[in-house]
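These values consider heavy atoms only, across backbone and side chains, with no hydrogens, waters or symmetry-generated copies. Computed from a prediction, not measured in an experiment: that's the story for all the values here.
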Amino acid sequence: MIANNYNTNEEKIVKDSHTKEIDLINRDPKQINEDVVKVEFEDVIAEPDGTHSLDGVWKLSYTTFTVSKYWCYRILSAVFGIPVALLWGFLFACISFCHIWAVVPCIKSCLIESQCISRIYSLCIQTFCDPFFEALGKIFSSVRVALRKEV
């Protein structure tokens with residue numbers, strides 16, 4: 001009974017991770033495109049003082065820009081959104097696979113090997129270099145240097 005309940009909870013967790021609730025209002029919650037593609041009419045077209053078109057042309061230009069941008073984005077996302085999402089999903093799956101199955105184990109292996117080499121190197125330094133430098137230190141420990149400034 002406990003094992004069966006465990007499997008049901010595990011299945012529920014897996015199912016919930018694939019059917020995550022999607023916010024249809026705030027579609028950029030981490031604001032990754034805040035400064036990149038948030039372009040309004042005023043950001044692209046501006047008439048300085050002394051150079052103004054007719055008011056009707058200005059209003060129609062604004063409407064044309066806004067509506068064409070809106071519908072062009074909608075049509076492009078309807079046509080290419082799913083194939084591009086599939087492409088990005090595949091790409092990030094491949095990156096995750098390479099990272100999980102190749103990069104991290106390779107780094108871990110290198111760390112293990114470098115720890116082994118580090119211990120051997122440390123042992124060699126302690127065995128051969130430490131006594132040598134201690135002997136040199138004892139030889140030159142009685143040397144006194146006096147610095148005199150003669151004018």
Straight-line distance of L123 CG to R119 CZ, nearest 0.5 Å: 11.5 Å

Distance, nearest 0.5 Å, that separates NZ of K38 from CG of D43: 9.5 Å

Point-to-point distance, once rounded to the nearest 0.5 Å, from CG of L87 to CZ of F80: 12.5 Å

Connected via hydrophobic side-chain network under 4.5 Å: V39 and Y73: no

Partners passing side chain to side chain contact (heavy atoms under 4.5 Å, CB included) against I25 (at least two apart in sequence or in another chain): D23

Y70 side chain near V67 side chain, heavy-atom distance below 4.5 Å: no

Path from I95 to L86 over hydrophobic side-chain contacts below 4.5 Å: no

Joint hydrophobic cluster, V84 plus L91, side-chain heavy atoms closer than 4.5 Å: yes

Spacing of C94 atom SG and H99 atom NE2 [to the nearest 0.5 Å]: 14.5 Å

Residue K59 excluded, over 12 heavy atoms near NZ under 6.0 Å: no

Side-chain touch K69/F41, heavy atoms, less than 4.5 angstrom: no

Residue pair F65, L60: steps toward the side-chain contact (heavy atoms from CB on, under 4.5 Å) verdict: CA-CA 8 Å; F65 177 89; L60 189 58; over 6 Å; no

Side-chain touch K108/E113, heavy atoms, less than 4.5 angstrom: no

Common cluster, V145/L147, ILVMFWY with side-chain heavy-atom separation under 4.5 Å: no

Other residues, nucleotides, ligands: >12 heavy atoms within 6.0 Å of L111 CG: yes

Which residues share a side-chain hydrogen bond (donor to acceptor under 3.5 Å, both in side chains) with T64, sequence neighbours left out: none

Shortest non-hydrogen contact between N33 and D28, atoms and distance: N-OD2, 3.1 Å

Interatomic distance, T63 atom OG1 to W58 atom CH2 [nearest 0.5 angstrom]: 11.5 Å

Within one Ile-Leu-Val-Met-Phe-Trp-Tyr cluster: F133 and F128, side-chain cutoff 4.5 Å: no

C129 SG to L136 CG distance, which is reported to the nearest 0.5 Å: 11.0 Å

Validation row: F97, F92 side chains within 4.5 angstrom (heavy atoms): no

Which atom of E47 lies closest to which atom of T51, heavy atoms considered: CB-O, 3.1 Å

A46 versus P48, closest heavy-atom pair with distance: O-CD, 3.8 Å

Side chain to side chain contact (heavy atoms under 4.5 Å, CB included) partners of D49, counting only residues at least two apart: H52

